[in-house]
Amino acid sequence: MKKEKLNKNEIKEVLSKLEELYKGAKSELEYENPFQLLIATILAAQCTDKRVNQVTAKLFEHYQTPAEFLELTEEELGVWIKSCGFYNSKSRNILETCRILVDKYNGEVPQVREELMELPGVGRKTANVVISNVFSQPAIAVDTHVFRVSNRLGLANSDDVFKTEEDLMKNIPKNKWSEAHHWLIYHGRRVCKARKPQCEICTLNDQCLYYK
DNA sequence: AACTCGGGGCA
DNA sequence: TGCCCAGAGTT
């Protein structure tokens, strides 16, 4: 990462251009139920949201609560979620998580990030998605796209995910956190790719620290 | 910091 | 075929 930093006006300009490009961008994982969002987000690791939605659409018809999930064996759940990939570990983690939710949290999803991160299969990114999306807590989930793009553009300046979160929360107006999170993901997937970034066609390249 | 898990979509 | 995918856990 470069050591340079953008000034406030440059940050404003970058955010303005991202908004212009991806205005209205939002998650394809739209679950208002905390438990369902938690499960969908665990499944979304290294998997497209579209496929997660295909799986959960059917799965949640049959199993809706942690207690109901515990009726399944690991092998049975594995069949349901197979197309999301990593299904052995995800199946094991999800059922163990459900066991903890039932035993320790009365079948509810805890609203504390540290408690969420103690659940198997739930890391900081998934915990942030849950607390920000359904519990209205201040957090920005930093996945690989958000991390890479925000540091390339200069909206963050760190090789550490926690620091990147802090930078983003500082540099982005609070009422834009959720939307900006998706701008960065969209830009990362379509233009600012990990391997072959499309810098030539990127309309932000004139102020991009990575491009310079 | 590097490695592993993984089926499915796409070039 | 090879590459990639809204991560997390282990060593």
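For the numbers below, each heavy atom of this structure counts, side chains included, while hydrogens, waters and symmetry mates do not. Residue numbers begin at 1 in each chain, while the letters A, B, ... track the order of the sequences.
Nucleotides of DNA chain C lying under 4.0 Å from heavy atoms of chain A occupy a range whose first and last members, 5' to 3', are dC4(C) to dG9(C).
Of the residues in residues 175-194 of chain A, those with a non-hydrogen atom less than 4.0 angstrom from any atom of DNA chain C are His182(A), Ile185(A), Arg189(A).
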Could you encode protein contacts along nucleotides 2-8 of chain B as a string, one character per nucleotide from 5' to 3', using B for base contact, S for sugar-phosphate-only contact and - for no contact, with a heavy-atom cut-off of under 4.0 Å?
---BBBS

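Across all their heavy atoms, Ile81(A) and Ser91(A) have their closest contact at CD1-N, 3.7 Å.
Sorted by first then second residue, the salt bridge (charged side-chain N to carboxylate O under 4.0 Å, His left out) pairs that include residues 88-108 of chain A, not counting sequence neighbours, are Arg99(A)-Asp103(A), Lys104(A)-Glu118(A). For residues 64-77 of chain A, the set of pairs meeting the salt bridge (charged side-chain N to carboxylate O under 4.0 Å, His left out) definition, not counting sequence neighbours, is empty.
Val122(A) comes within 4.0 angstrom of the backbone, heavy atoms only, and of no base. Residue-level contact check: Leu119(A) touches the backbone only, with heavy atoms under 4.0 Å from sugar-phosphate atoms and none from bases. Thr144(A) comes within contact range of the sugar-phosphate backbone alone, with a heavy-atom separation under 4.0 Å but no base atom that close.
dA2(B) and dA6(C) have their C1' atoms separated by 23 Å, given to the nearest Å. With both ends at atom C1', the span from dG7(B) to dT10(C) equals 22 Å, rounded to whole Å.
Tyr22(A) and His182(A) have their aromatic ring centers separated by at least 6.0 angstrom.
Heavy-atom nearest nucleotides on DNA chain C were determined for Met117(A) and for Glu28(A), and the one closer to the 5' end corresponds to Glu28(A). Judged by closest nucleotide on DNA chain C, Leu29(A) is the one of Leu29(A) and Pro120(A) placed further toward the 5' end.
The aromatic rings of Tyr63(A) and Phe69(A) sit perpendicular to each other, their planes meeting at more than 60°, with 30° as the lower class boundary.
At distances below 3.5 Å, not a single donor-acceptor pair connects side-chain atoms of Asp143(A) with backbone N or O atoms of Lys125(A). Between the side chain of Asn53(A) and the backbone N or O of Glu28(A), at least one donor-acceptor pair lies under 3.5 Å.
Donor-acceptor pairing under 3.5 Å is recorded for the side chains of Asn128(A) and Glu165(A). A donor-acceptor pair shorter than 3.5 Å cannot be found between the side chains of His187(A) and Arg190(A).
Inter-residue side-chain proximity for Leu116(A) and Thr126(A) is flagged as unmet; no heavy-atom pair is nearer than 4.5 Å.
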List the atom pairs, donor and acceptor, that lie under 3.5 Å between side-chain atoms in residues 33-41 of chain A and the rest of the protein, sequence neighbours left out.
from, atom 1, to, atom 2, distance (Å)
Asn33(A), OD1, Phe35(A), N, 2.8
Asn33(A), OD1, Gln36(A), N, 2.9
Thr41(A), OG1, Leu37(A), O, 2.6

